[in-house]
Amino acid sequence: MSDPTHIPVWRRLDGELTTSGQPTEDDLKAFSALGVEHVINLALHTHERALPDEAGSVTALGMTYTHIPVAFDAPTEGDFRRFCAAMESMAGAKVHVHCIVNARVSAFLYRYRRDVLGMDEQLARQEMESIWQPGGVWASFIGDENAVGLPHRPGKAADSEARS
């Protein structure tokens, strides 16, 4: 099966890791068909686009589920530690990580790939910046002190699409 690129802000980072915005019930079935073994959700269950019982839907499809509810206006180091622990516990498994628009996820994975996996900073940052360029609390969260006083900006992919 090919990647379900119809899912909002779908990204394949490598053979074992995919990310996206909020999936639908049918999208969860597509993850299972792709061989995804574990789903990590960083969004709040109270969001209007959240599935009514995502944990139940994921487990009914034979995948495991981790929910780390990250408040968009207040990401914490505790959230990041829980994310790192979840990623480490799933080492070698096919994992899909999502939130509502892939902003939280891209920032978490930028830090994880840079700080935990030791990926080159610019390479790790490219994926996040194709989605968005964090300002404010998210700039602080990722350690970009130069952008703390700035608003969030569209990703570089969005910038190039808007110009074409």
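Note that the structure is predicted; figures quoted are calculated from it, not measured.
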Might you point out which heavy atoms bring P134 and A147 nearest each other, and give the distance in Å?
-> O-CB, 3.7 Å
Do the side chains of L117 and M128 join up, straight or via other hydrophobic residues, at under 4.5 Å, putting them in one cluster?
-> yes
Is there side-chain contact between R11 and S130, with at least one heavy-atom pair below 4.5 Å?
-> yes
Linked, directly or transitively: Y112 and V137 (ILVMFWY side chains, under 4.5 Å) = yes
Should we count CD of E145 as having more than 12 external heavy atoms under 6.0 Å?
-> yes
First locate atom CG of L34, then atom NE2 of H96, and finally report the distance between them rounded to the nearest 0.5 Å.
-> 9.5 Å
Option among E127, E129, Q126, E121 that satisfies the side chain to side chain donor-acceptor pair (under 3.5 Å) test with Y110 | E121
Determine, stepwise, if the pair V101 / W132 fulfils side-chain contact (heavy atoms from CB on, under 4.5 Å).
-> CA-CA 10 Å; V101 296; W132 72 319; over 6 Å; no
May I ask you to check whether S20 and H98 show a side-chain donor-acceptor distance below 3.5 Å?
-> no
Check ion pair R104-D79 (N to O, under 4.0 angstrom) = no
Shared hydrophobic cluster, V70 / M87 (ILVMFWY, side-chain heavy atoms < 4.5 Å) | yes
Is there a side-chain contact between H6 and D27 (heavy atoms, below 4.5 Å)?
-> yes
Residue among E54, R49, H47 satisfying side chain to side chain donor-acceptor pair (under 3.5 Å) with Q22 = E54
Would you give the length of the straight line joining atom CG of L109 to atom CD1 of I131, rounded to the nearest 0.5 angstrom?
-> 9.0 Å
Does a side-chain heavy-atom distance below 4.5 Å link F80 with P75?
-> no
Distance-minimising heavy-atom pair for A55 and Y65 | CB-CD2, 3.4 Å
Hey, does P69 have a side-chain heavy atom less than 4.5 Å from the side chain of H45?
-> no
How about F108 and F141: are their ring centres within less than 6.0 Å of each other?
-> yes
From H38 NE2 over to T64 OG1, what is the distance, rounded to the nearest 0.5 angstrom?
-> 4.5 Å
Same hydrophobic cluster for L61 and I7, using side-chain heavy-atom links shorter than 4.5 Å among ILVMFWY?
-> yes
Spacing of CG belonging to L150 relative to CD belonging to Q133, to within rounding of 0.5 Å | 9.5 Å
What residues form a salt bridge (charged side-chain N to carboxylate O under 4.0 Å, His left out) with R12, not counting sequence neighbours?
-> D3
Assess the pair H152 and F72: is the distance between their ring centroids shorter than 6.0 Å?
-> yes
When every non-hydrogen atom of S57 is compared with those of E25, the smallest separation belongs to OG-OE1, 2.8 Å
For L17, does its backbone N or O pair with a side-chain atom of D14 as donor and acceptor, under 3.5 Å?
-> yes
Distance from M119 atom CE to R125 atom CZ, nearest 0.5 Å?
-> 14.5 Å
Atom pair CD1 (I68) and SG (C99), whose distance is rounded to the nearest 0.5 Å | 12.0 Å
In one Ile/Leu/Val/Met/Phe/Trp/Tyr side-chain cluster, 4.5 Å: L44, L51 = no
